[in-house]
Amino acid sequence: MSGVAFALLLVGGWFLSGGDAPDYAATDSDWTKWAGNNRTGSGIGAFLVLVAALTLLHFAGTIRSVLGRSDTGAGIGELARVTFAGAAIGGASIATAIVTVGAATSEGSHADPVVSRAVTAASAGPYLVAAMGFAAMLSAAGLATLRSGVFPRWTGIVALTGAGAFLITLLTAVVGTSRDSAFGYAFLPGILALVIWSTATSLTRYRALGTGLRGLHVKPA
């Protein structure tokens with residue numbers, strides 16, 4: 001059930017963190033007010049996302065094992081390894097981004113607005129690296145699922161859709177991270193696809209294990 005735990009922790013941390021930061025060109029008073037309003041929530045959100053990233057490693061290890069055992073010579077073993085590597089990069093990077101936002105609000109209303117603005121702007125880098133990692137994870141998992149059928153095919157389609165959204169997010173680096181960009185909004189459907197995929201594959205694996213264990217306890221006639 002580690003995939004379900006990851007999804008819940010990620011969503012909880014995401015909504016609690018102070019991601020609704022003012023525009024870069026906003027006044028110092030706006031930044032001070034933002035830091036004061038989000039001090040507690042950002043701290044809790046950072047903690048939850050750190051635990052989510054830790055849980056993701058266990059979940060990704062399970063997915064790698066399941067996909068690896070289904071390798072039929074179609075390159076699924078390589079895709080399983082890419083899935084785990086992408087999860088490690090994505091989890092570490094999104095945790096870094098949200099912890100960075102937490103650091104920008106850690107002083108609350110006493111925070112220096114110049115520092116808060118600079119630290120928050122710096123979180124764009126880890127967010128984009130997270131998008132890259134999750135794109136690799138979901139694209140590899142989606143292709144492996146469609147080739148092997150080890151998970152329901154619709155989960156593979158969801159994974160590939162999320163990978164596409166995260167790839168679109170990377171274009172934010174071209175237009176600039178200091179302004180609102182339509183490319184940046186693609187991160188949200190990417191996260192949604194990631195949460196749906198991790199929950200669905202985790203429940204599928206949990207049910208498969210439960211069915212196997214019940215079969216072991218069936219007494220022969």
Side-chain angles (χ1 to χ4, degrees), residues 1-11 13-14 48-98 126-170 186-216:
M1 297 296 290
S2 55
V4 176
F6 162 70
L8 292 175
L9 289 166
L10 178 63
V11 170
W14 177 274
L48 292 178
V49 173
L50 285 170
V51 179
L54 178 64
T55 306
L56 176 60
L57 292 177
H58 176 77
F59 173 61
T62 300
I63 296 298
R64 175 182 175 179
S65 298
V66 173
L67 293 177
R69 287 196 295 270
S70 66
D71 192 356
T72 57
I76 296 177
E78 289 78 3
L79 292 173
R81 288 188 285 272
V82 173
T83 298
F84 182 83
I89 294 171
S93 297
I94 196 169
T96 300
I98 292 183
Y127 269 121
L128 290 179
V129 176
M132 180 269 291
F134 288 140
M137 172 188 177
L138 292 177
S139 61
L143 289 173
T145 296
L146 295 179
R147 290 182 180 181
S148 67
V150 67
F151 295 113
R153 290 182 61 85
W154 70 267
T155 64
I157 296 173
V158 169
L160 292 175
T161 301
F166 282 124
L167 287 173
I168 292 173
T169 304
L170 301 182
F187 196 87
L188 297 177
I191 287 291
L192 178 60
L194 173 63
V195 167
I196 294 173
W197 174 81
S198 61
T199 301
T201 52
S202 183
L203 290 174
T204 299
R205 182 61 182 162
Y206 178 77
R207 291 169 180 168
L209 288 175
T211 301
L213 290 175
R214 286 194 296 271
L216 292 176

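Keep in mind that what you see is a predicted model, and the values were worked out from it rather than measured. Reckoned from all heavy atoms, side chains included, excluding hydrogens, waters and symmetry mates.
- In plain terms, the two heavy atoms of G133 and I89 that are nearest each other are CA-CG2, 4.0 Å.
- At least one side-chain heavy atom of F134 sits under 4.5 Å from a side-chain heavy atom of M137.
- The nearest pair of heavy atoms linking F166 to A135 is CB-CB, 3.8 Å.
- Within the 4.5 Å cutoff, no side-chain heavy atoms of L67 are placed close to those of L79.
- Between L160 and L146, some side-chain heavy-atom pair lies under the 4.5 Å cut-off.
- Looking at L167 and L170, their side chains come closer than 4.5 Å, going by heavy atoms from C-beta outward.
- Here the closest non-hydrogen pair linking L56 and A87 is CD2-O, 3.4 Å.
- Taking every heavy atom of both residues into account, G162 and A193 meet most closely at CA-CB, 3.4 Å.
- Here the CG atom belonging to L194 is positioned 9.0 Å from the OG1 atom belonging to T199, to the nearest 0.5 angstrom.
- I63 CD1 to H58 NE2: the interatomic distance, rounded to the nearest 0.5 Å, is 10.0 Å.
- The shortest heavy-atom contact between V49 and A95 is CG1-CA, 3.7 Å.
- Atoms CG and CG, from L9 and L54 in turn, are 9.5 Å apart once rounded to the nearest 0.5 Å.
- At least one donor-acceptor pair under 3.5 Å links the side chain of T169 to the backbone N or O of F187.
- A 4.5 Å side-chain heavy-atom check between F6 and V195 finds every atom pair outside the cut-off.
- When each of L192, I157, T161, V158 is tested with W197 by the rule side chain to side chain contact (heavy atoms under 4.5 Å, CB included), just one qualifies, namely V158.
- To the nearest 0.5 angstrom, I94 atom CD1 is 4.0 Å from I191 atom CD1.
- Across every non-hydrogen atom of S93 and A130, the tightest pair is CB-N, 3.4 Å.
- With rounding to the nearest 0.5 angstrom, the CD1 atom of I98 is 4.5 Å from the OH atom of Y127.
- Two residues are said to be in side-chain contact when any heavy atoms from C-beta on lie closer than 4.5 Å; T96 and V129 fail this criterion.
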